[in-house]
Amino acid sequence: MYTTQLQKHDDKPAPTGSAETAELTEAFEARIAADEFIEPNDWMPEAYRRTLIRQISQHAHSEVVGMLPEGNWLTRAPSLRRKAVLLAKIQDEGGHGLYLYSAAETLGISREEMVEALHTGRSKYSTIFNYPTQNWADIGAIGWLVDGAAIMNQVPLQRTSYGPYARAMVRVCKEESFHQRQGYEIMMAMANGTPEQKEMAQDSLNRWWWPSLMMFGPTDDNSPNTAQSMRWRIKRETNDEIRQRFVDVTVPQAEALDLKIPDSALKWNKDREHYDFGEINWSEFWSVVKGEGPVAKERISARTNAWENGAWVREAAAAHAARHNPVKKVA
Ligand code: BYC
């Protein structure tokens with residue numbers, strides 16, 4: 001999507017002299033301080049570029065792997081309307097993955113390299129997608145809580161300092177907001193349904209609450225990347241700040257559903273004007289980050305199989321493109 005604007009690397013050799021680099025670094029930092037967007041052809045420090053590739057590609061993988069737990073319920077949606085809405089939502093997630101892979105490609109990494117890093121476990125994706133979807137209420141809980149958490153995290157990213165990432169986030173946030181509402185609407189239907197349906201909604205909240213809080217990452221004290229990413233304005237708010245906002249917004253939504261958040265320490269703190277909440281199980285978080293989540297192996301094998309089984313489609317598309325848009329040879 002953005003790659004057509006890129007200059008070739010050999011158009012403009014990177015400066016090597018340290019004085020020149022110091023000057024460039026200073027100019028780069030001044031632009032960050034002035035809240036200007038950094039664009040693909042602009043000079044940027046190598047560590048900034050690597051941090052963006054890491055975050056954007058992991059974000060893209062999360063969107064694509066995130067299609068799997070919901071896809072699991074497409075054939076069992078309780079009505080045609082629910083099926084059509086869920087299908088549209090899952091397609092949106094695939095689109096988000098594509099915008100994000102394209103944004104990462106502008107930083108000089110190929111789609112194939114990113115996909116390979118996912119398949120070999122060198123690149124992460126959100127811990128949340130390593131938990132199974134056990135019943136239809138989980139589709140409601142994912143939309144409400146997981147997409148709700150995603151929006152909290154992504155709204156500040158609309159102002160991230162890298163232009164292509166920020167612009168991708170604008171559209172993603174609009175679509176995520178529809179996703180959150182479709183999830184909440186399923187929860188409303190179930191919470192106001194039969195006692196059995198309400199029990200399913202509560203059980204789903206019990207299972208998805210804590211993994212949703214883990215989506216925001218480790219506490220700021222234990223986050224190795226936050227300080228530098230805040231300085232570069234890649235991240236505009238810290239993990240703990242966004243997590244707190246999510247809790248503050250979501251507690252009244254649970255009350256409106258007459259469902260109970262599974263945290264005995266949850267309490268409004270009138271001095272802080274925020275909810276206090278209990279301790280996340282950080283050892284569970286880190287083990288899921290390491291790839292030991294309940295359905296981690298299934299997720300990666302589903303993605304690897306899809307990539308292998310789709311090879312013929314990529315080959316056919318490449319052959320079609322070569323026939324219809326042959327690269328013009330310059331004499
Ligand atoms: N899961 O220093 P930290 C969606 C890793 S898609 C896995 O705080 P950072 C949806 C972290 O990568 C939503 N790993 O890192 C889709 C780092 O390891 P590396 C996805 C995690 O980057 C379909 C290490 O822990 N959203 O919602 O400053 C259907 C230390 O962390 C997690 C995004 O990707 C985690 N939860 O901050 C429905 C948003 N947390 O990379 C819904 C963009 C931390 O150094 N990403 N780690 O090896 C971000 O905002 C940031 O990358 C994070 C982490 C806040 C996630």
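Note that the numbering runs from 1 along the sequence shown for the chain. Counting starts at 1 for both ligands and their atoms, following the listed order.
- We find that Arg207 and Asp138 are joined by a salt bridge, their nearest charged nitrogen and carboxylate oxygen being less than 4.0 Å apart.
- Tyr125 and Asn130 form a side-chain donor-acceptor contact under 3.5 Å, judged by distance and modelled atom types alone.
- Nearest to atom 47 (N) of ligand 1 by heavy-atom distance, out of Phe285, Phe216, Phe129, is Phe285.
- Under the 4.5 Å side-chain contact rule for hydrophobic residues, Ile56 and Met44 share a cluster.
- Side-chain contact, Thr226 with Asp220: no donor N or O sits under 3.5 Å from an acceptor N or O.
- Contact annotation for atom 10 (C) of ligand 1: protein present (non-hydrogen atoms, distance under 4.0 Å).
- Ligand 1 places these atoms under 4.0 Å from at least one heavy atom of Gly217: 40 (N), 44 (C).
- Ala150 CB, 3.0 Å is the protein heavy atom nearest to atom 27 (O) of ligand 1.
- Contact annotation: for Glu93 versus ligand 1, heavy atoms closer than 4.0 Å belong to the side chain alone.
- Salt bridge annotation for Asp35-Arg236: present, with a cationic side-chain nitrogen under 4.0 angstrom from a carboxylate oxygen.
- Less than 4.0 angstrom separates some heavy atom of Ser223 from each of these atoms of ligand 1: 2 (O), 3 (P), 8 (O).
- Ion pairing between a basic and an acidic side chain is recognised when a charged N comes within 4.0 Å of a carboxylate O; Glu175 and Lys89 show no such pairing.
- Nearest protein neighbour of atom 25 (O) of ligand 1, counting heavy atoms only, is Trp286 CZ3, 3.8 Å.
- Residue contact check: Met214 has heavy atoms under 4.0 Å from atoms 36 (N) of ligand 1.
- Between atom 54 (C) of ligand 1 and the options Met152, Gln55, Lys235, Glu237, the minimum heavy-atom separation is to Lys235.
- Salt-bridge check for Glu185 with Arg82: passed, with a basic side-chain N closer than 4.0 Å to an acidic carboxylate O.
- Counting protein heavy atoms only, atom 18 (O) of ligand 1 is closest to Lys124 NZ, 3.4 Å.
- When each atom of ligand 1 is checked for a heavy atom of Gln58 under 4.0 Å away, the hits are 12 (O), 41 (O).
- In this structure, Ser229 has no heavy atom closer than 4.0 Å to ligand 1.
- Short contacts between ligand 1 and Ser62, defined as distances under 4.0 Å to a heavy atom of the residue, involve ligand atoms 6 (S), 16 (C), 20 (C).
- Residues Glu116 and Arg122 are paired through a salt bridge, judged by an N-O separation under 4.0 Å between the basic side chain and the carboxylate.
- Cation-pi geometry between Arg31 and Trp43 is not satisfied (NZ or CZ under 6.0 Å from the ring centre, within 45° of the ring normal).
- The protein atom (non-hydrogen) at minimum distance from atom 36 (N) of ligand 1 is Thr127 OG1, 3.2 Å.
- At a 4.0 Å heavy-atom cut-off, ligand 1 touches Asn239 through the side chain alone.
- When the heavy-atom distances from atom 15 (O) of ligand 1 to Val146, Leu145, Asn225 are ranked, the shortest goes to Asn225.
- Phe246 and Phe216 have tilted rings, their planes meeting at an angle from 30° to 60° on a 0 to 90° scale.
- Nearest to atom 41 (O) of ligand 1 by heavy atom, out of Met169, Arg54, Met215, is Arg54.
- The aromatic rings of His96 and Tyr99 are tilted relative to each other, their planes meeting at an angle between 30° and 60°.
- For the pair Arg243 (side chain) and Gly217 (backbone), a donor-acceptor distance under 3.5 Å is present.
- In summary, the atoms of ligand 1 found under 4.0 Å from a heavy atom of Tyr125, numbered by their order in the structure, are 1 (N), 7 (C).
- The single protein non-hydrogen atom nearest to atom 30 (C) of ligand 1 is Pro224 CD, 3.7 Å, given as residue, atom name and distance.
- In the vicinity of Tyr165, heavy-atom distances shorter than 4.0 Å reach the ligand 1 atoms 43 (C).
- Across the listed options Thr238, Asn153, Asp147, Val65, Asn153 owns the non-hydrogen atom lying nearest to atom 39 (C) of ligand 1.
- Ligand 1 lies within reach of Glu70, whose nearest heavy atom is under 4.0 Å from it.
- Counting only N and O atoms by type, the side chains of Thr219 and Asp240 include no donor and acceptor under 3.5 Å apart.
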